[in-house]
Protein chains: 2
Amino acid sequence: MKVSAQEFTASAAPLPAALPAALADGVFPAGCPSRTVLDHITSKWGVLILLALSEGEQRWSDLRRRAEGISEKMLAQTLKTLERDGLVTRTAQPVIPPRVDYSLTGRGYELSALLVPLVAWAFENADDIIKGQP
Amino acid sequence: MKVSAQEFTASAAPLPAALPAALADGVFPAGCPSRTVLDHITSKWGVLILLALSEGEQRWSDLRRRAEGISEKMLAQTLKTLERDGLVTRTAQPVIPPRVDYSLTGRGYELSALLVPLVAWAFENADDIIKGQP
DNA sequence: TAAGGTACTTACATGAAAGTTAGTGCCCAA
DNA sequence: TTGGGCACTAACTTTCATGTAAGTACCTTA
């Protein structure tokens with residue numbers, strides 16, 4: 001499963017990128033499955049979990065610490081959604097105490113490559129944006 | 001035991017862009033302004049409006065049509081938030097019938113360059129993702 | 001005269017997302 | 001033996017984002 005780094009590096013550059021052909025009419029259809037997927041990956045905690053996992057496999061408790069403020073319920077729920085979407089893999093080891101590792105799938109990795117620059121941008125611009133409010 | 005970000009970078013060549021230095025500890029702080037900004041730009045309609053405007057200046061009624069399913073209230077609200085965040089500019093012409101144009105600021109344009117590949121990805125992968133659900 | 005387009009605002013309603021609290025079973029260290 | 005860490009699940013509640021419906025003000029076309 002080869003992921004082309006060049007491709008993502010290029011698309012992440014701050015240059016005008018074209019929308020896919022299917023959106024050439026400029027209309028974003030309402031019932032479209034992409035709306036659902038977009039909702040999952042842009043959910044409050046979804047982004048943070050994907051980001052955290054972009055740095056490598058991590059345990060439940062690691063993720064709890066990293067996504068500061070997340071509740072156990074939301075962590076479980078977010079992970080389940082991402083797993084169902086085929087973006088995250090769960091690996092449980094039958095040891096005591098339990099050890100469960102979460103990591104990105106190829107597809108999840110692909111996605112995180114697009115999310116990282118976005119979050120980095122938000123992080124860098126957040127202070128300016130919030131400060132400039134009337 | 002613990003996998004450092006540096007180690008991971010070194011071992012996996014096609015790595016997505018690194019996180020900003022402030023996040024080097026892998027923790028996404030809870031009270032951080034970037035959380036707010038992230039919430040704005042990843043909101044259900046925020047993404048679509050920014051995307052639509054990435055193709056150039058547009059009128060209120062254009063945006064309504066493009067972000068299929070949006071209500072007038074949500075359009076107004078989303079535009080106001082994006083304007084306050086300095087991502088969108090509003091230009092009203094005192095003509096009858098009223099004509100108001102919305103466009104991206106430099107910062108908004110910068111952001112849209114990061115959002116476009118993300119939405120394109122969601123659009124391309126949505127069918128596979130939804131179909132593969134248990 | 002009525003209907004429709006333009007760009008909104010306001011009040012109220014709902015529903016999904018998120019938070020809260022508690023409980024599970026197992027083990028280990030103090 | 002009390003407490004904590006681990007990885008969850010379930011039930012209940014609250015908050016907030018979003019939806020619905022209607023009103024505003026002006027002008028044009030039928």
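Because the structure is a prediction, the values reported are computed rather than measured. So that the names make sense, note that chain A is the first sequence line, chain B the second, and so on, each numbered from 1.
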Between B:S61 and C:dA7, does any side-chain N or O lie under 4.0 Å from OP1 or OP2? yes
Base-contact (B) and sugar-phosphate-only (S) positions in nucleotides 17-30 of chain D, heavy-atom cut-off under 4.0 Å, - elsewhere: -BBB-----SS---
Residues passing the side-chain contact (heavy atoms from CB on, under 4.5 Å) test with A:T78, sequence neighbours excluded, are A:W45, A:I49, A:M74, A:L82
Set of residues satisfying salt bridge (charged side-chain N to carboxylate O under 4.0 Å, His left out) with respect to A:D128, sequence neighbours excluded: B:R107
Partner residues of B:R35 under the salt bridge (charged side-chain N to carboxylate O under 4.0 Å, His left out) criterion, sequence neighbours left out: none
Take atom CG of B:D62 and atom P of C:dG5, then tell me their distance rounded to the nearest Å. 15 Å
Please state how far atom CZ in B:R35 lies from atom P in D:dC16, giving the value in whole angstrom units. 16 Å
The complete set of salt bridge (Lys or Arg N to Asp or Glu O under 4.0 Å) pairs with one or both residues in residues 88-105 of chain B, sequence neighbours excluded, reads B:R99-B:D101
Is the shortest side-chain heavy-atom distance between A:L75 and A:R64 below 4.5 Å? yes
Using atom CG of A:L38 as one end and atom P of C:dA17 as the other, report the distance to the nearest whole Å. 14 Å
How many whole angstroms separate atom CZ of B:R90 from atom C1' of C:dT9? 12 Å
Among residues at least two apart in sequence or on other chains, which ones pass salt bridge (charged side-chain N to carboxylate O under 4.0 Å, His left out) with B:R65? B:D62
Whole angstroms only, please: what is the CD-P distance between A:E83 and D:dA7? 15 Å
Euclidean distance, atom OH of residue B:Y102 to atom P of C:dA7 [Å, nearest integer]: 8 Å
To the nearest 0.5 Å, atom CZ of B:R59 lies from atom OH of B:Y102 at 11.0 Å
Could you state the atom-to-atom distance from CD of A:Q58 to C1' of D:dA7 in whole Å? 16 Å
By nearest atom, which of the nucleotides C:dA7, D:dC6, D:dT9 is closest to the A:K80 side chain? D:dT9
CG of B:D39 versus P of C:dA17: gap in Å, rounded? 14 Å
State whether B:R59 places a side-chain N or O below 4.0 Å from either non-bridging phosphate oxygen (OP1 or OP2) of C:dT6. no
